[in-house]
Asks: 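A single structure is presented below for examination.
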There are 2 protein chains.
Amino acid sequence: MSDLTAETPIHLLPEEPTQASRFGKARTAQSGALLEDYVELISDLLTSGGEARPTDIARRLGVAHATAIKTIGRLKREGLAVAKPYRGVFLTEAGESLAARVRARHRVVVDLLLAVGVPFEAAESDAEGIEHHVSDTTLAAFARYLAER
Amino acid sequence: MSDLTAETPIHLLPEEPTQASRFGKARTAQSGALLEDYVELISDLLTSGGEARPTDIARRLGVAHATAIKTIGRLKREGLAVAKPYRGVFLTEAGESLAARVRARHRVVVDLLLAVGVPFEAAESDAEGIEHHVSDTTLAAFARYLAER
DNA sequence: CTCGGAATGTAGCCTAGGCTACATTCTGTC
DNA sequence: GACAGAATGTAGCCTAGGCTACATTCCGAG
């Protein structure tokens, strides 16, 4: 998945007013956001409840269980999760570390939103969408701001 | 999806355990992001160059021209744009007003990122993805922060 | 005024992410 | 220990957003 769009770089787009690259990047980043949500949620379920069942996942994400199962299949293909039929879902090393990074990023984003005066409800809600588009550079800047404030 | 205007209501999502709504909202908001980009870009092209041709749009967005044309079809279906074959693309009232709102929001998001110390390049780049997930509430908070700072 | 190249449009294919409907497996209760 | 109901899995369909390949239309040189 990370291929096609990734190497459609600036080279093909000569003297564009610095815009195509931006759009393209935003679009690419969007891919994988769903997997991140799944991994984060599964990690939550595993650490808190001890179990991550497709039905729970589906309910928490507000999708049909079939959709969740299909996406879990993708997680497996991507090497982020493992699951045997009728057993729960578990994360691989890669999955766990991704979950950790996602969770940390989420926290920073929410904190930053709160810090600039966004109400709690909106901060939590919007962060869910925003976090997938926050680059490492921006994330670092957020952290710095929060620390220095 | 026709509610690009910001009312992606909670009403559709019953009493899910406080989390599905968040995820669902982020997901829903994501729909329409592409149309917003198109409308914004078309508006730019029209006001600056005077013309918005499918090929230009495709190049600026980094997609194949066929993709751009297909999406322009969607814009027409959504009542945001009009276009006759081999003539350029133009925005309807709705399209123009959406473009204006998108542009304004984009500016606020970029300014906020800069204000908290995000480098210019990253701010411009990340804003492109982030802006589509910024609710009116959060946008208002951003504006307030920028004014009071 | 014609003709070739660029722009535009069309067709068909692919994946991701949704859904419903149906089939299968598990499991708690009697 | 059987069985109903819940959980799980499978199949097939849909739309959005991408692509390539091909067809059509436009337009500027000559």
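As a basis for the values below, the full set of heavy atoms in this structure was taken, side chains included, without hydrogen atoms, waters or symmetry mates. In what follows, every chain begins at residue 1, and chains take the letters A, B, ... in the order their sequences are listed.
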Asks: Under 3.5 Å, which donor-acceptor pairs link side chains of residues 82-90 of chain A to any protein atom two or more places apart or in another chain?
Replies:
none

Asks: Measure from CD on B:Glu51 to P on D:dC27 and round the result to the nearest Å.
Replies: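 Rounding to the nearest Å, CD of B:Glu51 and P of D:dC27 are 10 Å apart.
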Asks: Could I get the full list of side-chain contact (heavy atoms from CB on, under 4.5 Å) partners for B:Ala100, not counting sequence neighbours?
Replies: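 With sequence neighbours excluded, B:Ala100 shows a side-chain contact (heavy atoms from CB on, under 4.5 Å) to no residue whatsoever.
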Asks: With B:Asp111, which residues qualify under side chain to side chain donor-acceptor pair (under 3.5 Å), at least two apart?
Replies: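 Here no residue qualifies.
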Asks: In the hydrophobic clustering (ILVMFWY, side-chain contacts below 4.5 Å, transitive), which residues join B:Leu139, or is it alone?
Replies: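 In the cluster with B:Leu139 are A:Val108, A:Val109, A:Leu112, A:Leu113, A:Val116, A:Val118, A:Ile130, A:Val134, A:Leu139, A:Phe142, A:Tyr145, A:Leu146, B:Val108, B:Val109, B:Leu112, B:Leu113, B:Val116, B:Val118, B:Ile130, B:Val134, B:Phe142, B:Tyr145, B:Leu146.
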Asks: Using atom CZ of A:Arg60 as one end and atom P of D:dA7 as the other, report the distance to the nearest whole Å.
Replies: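 So the two atoms are 16 Å apart, to the nearest Å.
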Asks: For the pair made of CD1 in A:Ile57 and P in D:dA7, what is the distance, rounded to whole Å?
Replies: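 Rounded to whole Å, this separation is 14 Å.
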Asks: Hey, any chance A:Leu41 and A:Val110 share a hydrophobic cluster, counting ILVMFWY side chains that come within less than 4.5 Å of each other, even indirectly?
Replies: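 Cluster IDs for A:Leu41 and A:Val110 differ.
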Asks: What are the atom names and distances for every N/O pair under 3.5 Å that joins the protein to nucleotides 7-10 of chain C?
Replies:
residue: C:dT8; atom: OP2; partner: B:Thr55; partner atom: N; Å: 3.0
residue: C:dT8; atom: OP2; partner: B:Thr55; partner atom: OG1; Å: 2.4
residue: C:dT8; atom: O3'; partner: B:Tyr86; partner atom: N; Å: 3.4
residue: C:dG9; atom: OP1; partner: B:Tyr86; partner atom: N; Å: 2.8
residue: C:dG9; atom: N7; partner: B:His65; partner atom: NE2; Å: 3.0
residue: C:dG9; atom: O6; partner: B:His65; partner atom: NE2; Å: 3.0

Asks: Could you give the NE2-to-C1' distance, from B:His132 to D:dA16, as a whole number of Å?
Replies: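 The distance from NE2 of B:His132 to C1' of D:dA16 comes to 15 Å, rounded to the nearest Å.
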Asks: Does OP1 or OP2 of C:dA16 have a side-chain N or O of A:Arg77 closer than 4.0 Å?
Replies: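 Yes, because at least one side-chain N or O of A:Arg77 sits under 4.0 Å from OP1 or OP2 of C:dA16.
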Asks: Kindly state each residue pair satisfying salt bridge (charged side-chain N to carboxylate O under 4.0 Å, His left out) with at least one member in residues 100-109 of chain A, sequence neighbours excluded.
Replies: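 Checked against salt bridge (charged side-chain N to carboxylate O under 4.0 Å, His left out) - neighbours excluded - the pairs reaching residues 100-109 of chain A are A:Glu36-A:Arg105, A:Asp44-A:Arg103.
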